[in-house]
Participant: 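One structure, as structure tokens, below. Some questions next.
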Amino acid sequence: MAVNIYDTANKMEEELRETTEYKNLVAAYTEMKKDQKTYDLFKDFQEVQVNLQQKQMNGEEMSDDEMSHAREIASQVGDVDVIKSLMDKERALNQLLNDINQIITKPVQDLYHD
């Protein structure tokens with residue numbers, strides 16, 4: 001019998017949506033979006049993170065202005081409880097995904113573990 005790993009992955013996607021971690025993240029995100037100012041701050045923070053990651057991947061350095069802006073946004077985000085809660089929920093979901101990734105990649109880890 002042939003295994004269709006994509007069917008398994010699609011089933012996992014469905015089941016992920018039913019986990020406590022995902023549901024908690026959805027609830028925190030919904031709560032955060034209720035305040036437009038907080039939501040805008042969060043979106044700015046995400047944009048800064050993406051830009052930083054892109055520059056790092058390209059071996060580029062951030063300008064002093066970009067670094068200053070990133071610190072300012074991070075400081076503001078750290079002062080907003082609803083965003084901190086969202087980030088805590090995101091960390092919990094990421095931990096679950098990391099655990100799943102370790103399980104899924106175990107055959108490859110075992111292969112190279114001579």
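The shown structure was predicted, so the numbers you read here are calculated from the model rather than taken from an experiment.
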Participant: So, do N101 and L97 sit near enough that their side-chain heavy atoms are less than 4.5 Å apart?
Facilitator: no
Participant: I want to check something: taking the side chain as every heavy atom from C-beta on, are M32 and V80 in contact at a cut-off of under 4.5 Å?
Facilitator: no
Participant: Tell me whether Q36 at atom CD has more than 12 heavy atoms from other residues, nucleotides or ligands lying less than 6.0 Å away.
Facilitator: yes
Participant: Quick check: do E18 and K23 have side-chain heavy atoms less than 4.5 Å from each other?
Facilitator: yes
Participant: Check whether any side-chain N or O of S85 sits under 3.5 Å from a backbone N or O of D81 as a donor-acceptor pair, and report yes or no.
Facilitator: no
Participant: Can you check whether R71's main-chain N or O pairs, donor with acceptor, with S75's side chain at less than 3.5 Å?
Facilitator: no
Participant: Does D35 reach the side chain of V82, with side-chain heavy atoms less than 4.5 Å apart?
Facilitator: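 No, every pair of side-chain atoms sits at 4.5 Å or beyond.
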Participant: Should K89 and V26 count as side-chain neighbours, where that means a heavy-atom distance under 4.5 Å?
Facilitator: no
Participant: Cut-off 3.5 Å, side chains only: do Q95 and D99 have a donor facing an acceptor?
Facilitator: yes
Participant: With heavy-atom distances below 4.5 Å as the criterion, would you say the side chains of D88 and N24 are in contact?
Facilitator: no
Participant: So does E66 get a backbone contact from the side chain of S63, meaning a donor-acceptor N/O pair under 3.5 Å?
Facilitator: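 Yes; judged by distance alone, with no hydrogens or angles, the pair exists.
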Participant: Under 3.5 Å, is there a donor-acceptor pair between the Q53 and Q49 side chains?
Facilitator: no
Participant: Under 4.0 Å between a Lys/Arg side-chain N and an Asp/Glu carboxylate O for K37 and D40?
Facilitator: no
Participant: If you measure from the Lys or Arg side-chain nitrogens to the Asp or Glu carboxylate oxygens, is any gap between E15 and K11 under 4.0 Å?
Facilitator: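 A salt bridge is present here (some side-chain N lies under 4.0 Å from a carboxylate O).
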Participant: Is there a donor-acceptor contact under 3.5 Å from the side chain of N10 to the main chain of Y6?
Facilitator: yes
Participant: Compare all side-chain heavy atoms of V77 with those of F42 and state whether any distance is below 4.5 angstrom.
Facilitator: no
